[in-house]
Amino acid sequence: MPVSVRSAPFEPYAEVAAHQHAVFGGRGQFGATAVFVGTMRDFNEGDAVQGMTLEHYPGMTERHLDDICATASGRWPLLETLVIHRVGEIFPGEAIVLVVVWSAHRQAAFDACREIMEALKSRAPFWKKERLATGTRWVTGNTAGYPASKP
Amino acid sequence: MPVSVRSAPFEPYAEVAAHQHAVFGGRGQFGATAVFVGTMRDFNEGDAVQGMTLEHYPGMTERHLDDICATASGRWPLLETLVIHRVGEIFPGEAIVLVVVWSAHRQAAFDACREIMEALKSRAPFWKKERLATGTRWVTGNTAGYPASKP
Amino acid sequence: MPLITLKLFASLAETHGWRERQRAWVAGIRVIDLWCAETGQSGLPARVLCARNMDYCPPETPVTPGDEIAFFPPVTGGAHAC
Amino acid sequence: MPLITLKLFASLAETHGWRERQRAWVAGIRVIDLWCAETGQSGLPARVLCARNMDYCPPETPVTPGDEIAFFPPVTGGAHAC
């Protein structure tokens with residue numbers, strides 16, 4: 001159930017494949033894997049964004065990511081979860097967040113992946129600052145999402 | 001919006017990364033990617049399964065996968081979809097189905113990925129036959145899932 | 001002579017021992033009539049689906065010359081029990 | 001002398017010009033009192049969150065010796081506008 005906060009770019013799909021191999025080997029009891037990747041876009045609210053700086057609260061961030069995954073594992077029958085979140089200087093096209101859930105069945109995998117992502121956005125201490133041509137600005141709110149259905 | 005039916009094993013996460021690079025290059029307008037991978041498990045209904053044979057209806061299968069993706073693209077603002085489905089002789093641990101949706105926002109990506117997967121299971125003409133130690137048997141029904149929320 | 005193509009898939013192909021055959025088209029014939037003529041049954045079992053030219057169709061659908069008519073069991077795509 | 005650690009993050013750190021400092025613990029002090037003492041403000045703005053020992057807490061939470069108290073703006077994790 002690892003979570004990690006990374007200051008260097010990561011390749012999300014290579015991470016998923018490597019983690020799955022490390023945990024399950026060549027086969028296993030998981031039939032369903034749900035993955036979400038959030039990637040830095042090159043525009044926001046009409047302005048071209050050249051890059052972004054993501055700040056976090058070392059220690060508190062990891063603890064809350066752990067809690068979020070543990071809570072999801074308590075609500076749904078999950079076999080494994082993986083969360084990776086970037087911090088530091090980020091450029092358009094780079095992956096910011098990866099959430100992966102392995103389960104026997106697709107319903108639990110879809111629900112838990114979505115719920116972990118929503119909880120991460122609403123509770124994990126990360127703050128974004130955009131770099132525009134005209135200077136920098138803090139991002140002050142999250143875009144709307146909604147949590148998974150109740151199990 | 002490609003769909004493909006493959007008779008050889010495929011590595012789902014390498015496919016996602018390669019397709020994303022081919023379509024979007026190093027950056028793009030997608031902020032959200034939702035992925036579902038269905039993998040062959042080594043048990044079902046209490047019996048150890050040694051392998052599986054997936055039959056399809058060439059032509060009709062591809063047409064229905066295309067229709068399912070087109071319908072999802074009409075309901076949600078998607079930037080790209082990718083569906084790959086295995087047929088033929090399949091062994092435990094091998095990927096059977098990959099569904100990927102790229103969108104600007106996570107809500108559309110999650111909803112559309114789930115809906116495509118549910119539609120695929122209920123409408124695309126595939127049939128599974130399990131190989132057990134004691135012989136073979138056709139799988140006669142799908143496990144329960146439920147579609148995405150309405151947009 | 002106008003032809004139609006018939007196809008069976010999966011357990012239906014195994015049960016009936018064939019996967020594809022061609023038959024002469026007959027005016028007024030419907031999909032259900034083809035099933036009954038080929039299998040000797042008096043109706044379509046509840047768990048048999050049919051398609052005309054690769055689209056799902058009701059058993060009462062009329063058949064036209066050149067049609068491809070398929071019969072198959074309920075579909076079970078996606079991952080194994082996922 | 002028992003100490004407490006104070007932290008500010010993101011826009012609050014920039015606005016106030018510091019990220020971390022230590023202060024002597026005073027009996028009966030609450031999280032909100034630390035904010036007011038350090039910033040000269042009379043209350044906690046609506047968009048400022050606080051945490052005690054890395055757990056979110058209400059502003060009225062009592063502070064105990066050795067605590068780490070943090071103030072920060074609403075969180076914005078996940079992808080950029082995804």
Side-chain angles (χ1 to χ4, degrees), chain A residues 5 12 36-45 47 49 51-65 67-68 83 85-87 90-99 116-130 136-145, chain D residues 3-23 25 30-32 34-35 38-39 41 43-82:
Chain A
V5 174
F36 181 82
V37 179
T39 304
M40 187 180 166
R41 286 158 55 195
D42 47 12
F43 70 96
N44 190 29
E45 295 170 18
D47 297 320
V49 177
M52 194 164 74
T53 305
L54 247 162
E55 185 177 331
H56 77 303
Y57 183 168
M60 180 167 172
T61 303
E62 291 82 349
R63 180 196 293 189
H64 276 71
L65 293 179
D67 285 351
I68 287 165
V83 173
H85 205 294
R86 267 295 296 284
V87 292
I90 300 174
F91 294 89
E94 292 182 356
I96 297 175
V97 58
L98 168 69
V99 175
I116 289 171
M117 186 62 204
E118 295 302 325
L120 184 158
K121 288 195 81 116
S122 66
R123 288 169 30 206
F126 292 103
W127 303 276
K128 293 198 203 86
K129 185 190 228 175
E130 296 175 337
T136 63
R137 71 174 173 208
W138 288 97
V139 177
T140 55
N142 265 313
T143 52
Chain D
L3 292 175
I4 51 180
T5 300
L6 302 178
K7 292 184 178 227
L8 298 184
F9 288 93
S11 56
L12 292 185
E14 289 186 359
T15 301
H16 295 280
W18 56 274
R19 291 195 161 267
E20 178 167 342
R21 53 175 54 161
Q22 292 199 307
R23 287 288 181 262
W25 175 76
R30 301 167 306 161
V31 170
I32 178 71
L34 290 167
W35 172 266
E38 296 298 322
T39 65
Q41 296 178 2
L44 195 72
R47 287 179 67 81
V48 173
L49 305 176
C50 37
R52 174 178 168 265
N53 298 331
M54 301 188 179
D55 280 321
Y56 288 98
C57 69
E60 299 74 23
T61 305
V63 177
T64 59
D67 277 359
E68 174 173 300
I69 306 298
F71 300 97
F72 45 80
V75 305
T76 56
H80 189 61
C82 81

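Computed from a predicted model, the values in this text were never measured in an experiment. Throughout, protein chains are lettered first and strands after them, A, B, ... in sequence-line order, and every chain is numbered starting at 1.
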Query raised in the report: Heavy-atom distance under 4.5 Å to chain A: side chain of Asp55(D), backbone, both or neither?
Result: both
Query raised in the report: Okay, side chain of Trp127(A), backbone of Pro73(D): is any donor-acceptor separation there less than 3.5 Å?
Result: yes
Query raised in the report: Which pair of heavy atoms, one from Pro125(A) and one from Val75(D), lies closest together, and at what distance?
Result: CA-CG1, 3.6 Å
Requested in this report: Would you indicate whether the side-chain heavy atoms of Phe72(D) and Met60(A) approach each other to under 4.5 Å?
Outcome: yes
Query raised in the report: Ala70(D) and Tyr57(A): which non-hydrogen atoms are nearest, and at how many Å?
Result: CB-CE1, 3.4 Å
**Report entry** Phe126(A)/Thr76(D) under side chain to side chain contact (heavy atoms under 4.5 Å, CB included): CA gap, chis, key distance, verdict
**Finding:** CA-CA 6 Å; Phe126(A) 292 103; Thr76(D) 56; 5.6 Å; no
Report task. Please state whether the side chain, the backbone, both or neither of Ala13(D) comes within less than 4.5 Å of a heavy atom of chain A. Result -> neither
Requested in this report: Select one option (side chain, backbone, both, neither) describing which atoms of His64(A) are under 4.5 Å from chain D's heavy atoms.
Outcome: side chain
Query - Winner by heavy-atom pair count (cut-off under 4.5 Å) against chain A, out of Arg47(D), Lys7(D), Met54(D), Glu14(D) - result: Met54(D)
